[in-house]
Amino acid sequence: VQMQRILYDKLKLSTGKKTKTGYSTDAQTLESLRGQHEIIDMILSFRQLSKLKSTYADSLPTLIEPVTGKVHTSFNQTVASTGRLSSNDPNLQNIPIKTEMGKEIRKAFVASSPDNVILSLDYSQIELRILAHYSSDKGLIQAFENDLDIHAATASEVFGVPVSAVTSDLRRIAKAVNFGIAYGQGVFGLSETLGIPRAEATKIIADYFTKFSGVRSYIDDTIKYA
C-alpha cells in the first residue's frame, strides 16, 4: 500500500491492473513502468537482490551438513505434478543463472576436490519427443531424427525461412508455440505469453497446425476419445 501511494499518488505514474487494495505493484506492472521514473529500476533491483539474499545467500549455508561439509539435496520422484524429478534443501534445479548477480550465487557450488567434477544433466526436449512419438507427426520425428534444434526447426517451418536464417527472436516464439500447444495453450494464452496481438497469435497457431498436422490430429483425437 505504501508503494502504491508513492508510485501512483505522489509520483503520478500511470496505473496498471487493479487489485483489491488499489493498483498492482507486481513485477510485470513495474516492468511496464520502466523509464517513467528512476525509482522503478531501484525497486526492481532491490527485489531481485532481496530474493537472492533470502533464498540463497542466507539459506544455503544453513543447509551444509556439518559432518561432510557439503550440501546434500533430496531428489523427489513423486512430488511434481508434471512427473518431473524435483529436489529440495537445497533445490538444485533453480539455482539462478540469467543475471550477473545470480551467476555469482552459482559460483558457490564447487567440486569438493580437484579430482571431482560437478555434472549437470537434463533431458533433451523430452516432452516434445513424447509428443512426436504419440502424434507420429512426420515433421517432428524428422527434426529429431536429424538431430535438429527443434525450436529452430519449428520456426523454420512456421515462418517459412531456412534454419540458418532463424533469429533468436523467431526461435523464442517457436519455443513458446511448441510448449504452449503441447499443453493446450490457445490464442489468448500465446498472445499474452509473447506480448503480440491475438490476430498474429491466431496465424502462428494456424501455420503451426498446417505444418505439423499430425499434432493437430493427435490433439483432436485425444479430446474425442476422452
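All values derive from a computational prediction rather than experimental measurement.
- Applying the under-4.5 Å side-chain rule to Ile, Leu, Val, Met, Phe, Trp and Tyr, the cluster around Val110 consists of that residue alone.
- Note that CD of Gln125 is 12.0 Å distant from CD1 of Ile130, once rounded to the nearest 0.5 Å.
- The closest side-chain donor-acceptor pair between Gln48 and Thr99 falls under 3.5 angstrom.
- A donor atom on one side chain and an acceptor atom on the other are found under 3.5 Å apart for Asp26 and Ser24.
- Taking a 4.5 Å side-chain heavy-atom cut-off between Ile, Leu, Val, Met, Phe, Trp and Tyr, the cluster of Leu7 extends to Met3, Ile6, Tyr8, Leu11, Leu13, Tyr23, Leu30, Leu33, Ile39, Ile40, Ile43, Leu44.
- For the atom pair NZ of Lys107 and CD1 of Ile95, the computed distance is 15.5 Å after rounding to the nearest 0.5 Å.
- Under the 3.5 Å distance criterion, with hydrogens and angles disregarded, a donor-acceptor pair is assigned to the side chains of Gln185 and Thr193.
- The number of heavy atoms from other shown groups lying within 6.0 Å of CD (Glu65) is above 12.
- Of the charged side-chain nitrogens involved, none lies within less than 4.0 Å of a carboxylate oxygen, so that Glu200 and Lys203 do not count as a salt-bridged pair.
- Under 3.5 Å, the side chains of Asn178 and Thr154 contain a donor-acceptor pair of N or O atoms.
- With Arg171 contributing its side chain and Ala155 its backbone, the two residues share no donor-acceptor pair below 3.5 Å.
- At distances below 3.5 Å, at least one donor-acceptor pair connects side-chain atoms of Ser191 with backbone N or O atoms of Phe188.
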Practice item. Check the pair Asp207 / Lys211 against side chain to side chain contact (heavy atoms under 4.5 Å, CB included), numbers first and verdict last. Key: CA-CA 6 Å; Asp207 289 345; Lys211 295 293 183 180; 5.5 Å; no

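- The environment of CG in Asp147 is sparse: at most 12 heavy-atom neighbours from other residues, nucleotides or ligands sit within 6.0 Å.
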Exercise for review: Just do the side chain to side chain donor-acceptor pair (under 3.5 Å) check on Ser112 and Asn116 with the steps written out, would you?
Suggested key: CA-CA 7 Å; Ser112 56; Asn116 296 336; 3.1 Å; yes

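- Here CD1 of Ile141 is found 6.5 Å from OG of Ser135. Values are rounded to the nearest 0.5 Å.
- Atom CG of Asn91 and atom CG of Asn76 lie 9.0 Å apart (nearest 0.5 Å).
- With no hydrogens or angles considered, no side-chain donor-acceptor pair links Asp58 and Ser54 at under 3.5 Å.
- Proximity of a side-chain donor or acceptor of Ser213 to a complementary backbone N or O of Thr210 within less than 3.5 Å is not detected.
- When atom types are taken as modelled, the side chain of Thr73 and the backbone of Pro90 share a donor-acceptor pair closer than 3.5 angstrom.
- Residue His151 is tested with Val177, Val166, Leu128 for a side-chain contact (heavy atoms from CB on, under 4.5 Å); the sole match is Leu128.
- For the residue pair Thr25 / Gln4, no side-chain donor-acceptor distance below 3.5 Å is found, with atom types taken as modelled.
- Residue-environment remark: CZ (Arg84) stays at or below the threshold of 12 foreign heavy atoms within 6.0 Å.
- Checking side-chain atoms of Ser136 against main-chain N and O of Ala132 turns up no donor-acceptor pair under 3.5 Å.
- For the residue pair Tyr183 and Glu127, a side-chain donor N or O sits within less than 3.5 Å of a side-chain acceptor on the partner.
- One distance of note links CG of Asp122 with OG of Ser120; it measures 7.0 Å at 0.5 Å rounding.
- When the side chains of ILVMFWY residues are joined at heavy-atom separations under 4.5 Å, either directly or via intervening members, Met101 and Ile97 end up in two distinct hydrophobic clusters.
- Atom CD1 of Ile118 sits about 10.0 Å away from atom CZ of Arg106, to the nearest 0.5 Å.
- Side-chain atoms of Arg198 never come within 3.5 Å of backbone atoms of Val187 as a donor-acceptor pair (strictly under, hydrogens ignored).
- Of the possible polar contacts, one joining the Gln93 side chain to the Ser87 backbone as a donor-acceptor pair under 3.5 Å is found.
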Exercise for review: Could you walk me through whether Tyr218 and Leu131 pass the side chain to side chain contact (heavy atoms under 4.5 Å, CB included) test, one step at a time?
Suggested key: CA-CA 9 Å; Tyr218 167 68; Leu131 180 63; 3.8 Å; yes

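- Shown here is Phe109, whose CZ atom has more than 12 heavy atoms of other residues, nucleotides or ligands within 6.0 Å.
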Review point. Between Asp137 and Arg216, does a salt bridge (charged side-chain N to carboxylate O under 4.0 Å, His left out) hold up when you go through it step by step?
Key: CA-CA 9 Å; Asp137 184 88; Arg216 169 85 278 176; over 6 Å; no

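- Counting only distance, with no hydrogens or angles, the side chain of Ser32 and the backbone of Thr29 share a donor-acceptor pair below 3.5 Å.
- Taking 4.5 Å as the limit, every side-chain heavy atom of Ser45 sits out of range of all side-chain heavy atoms of Asp41.
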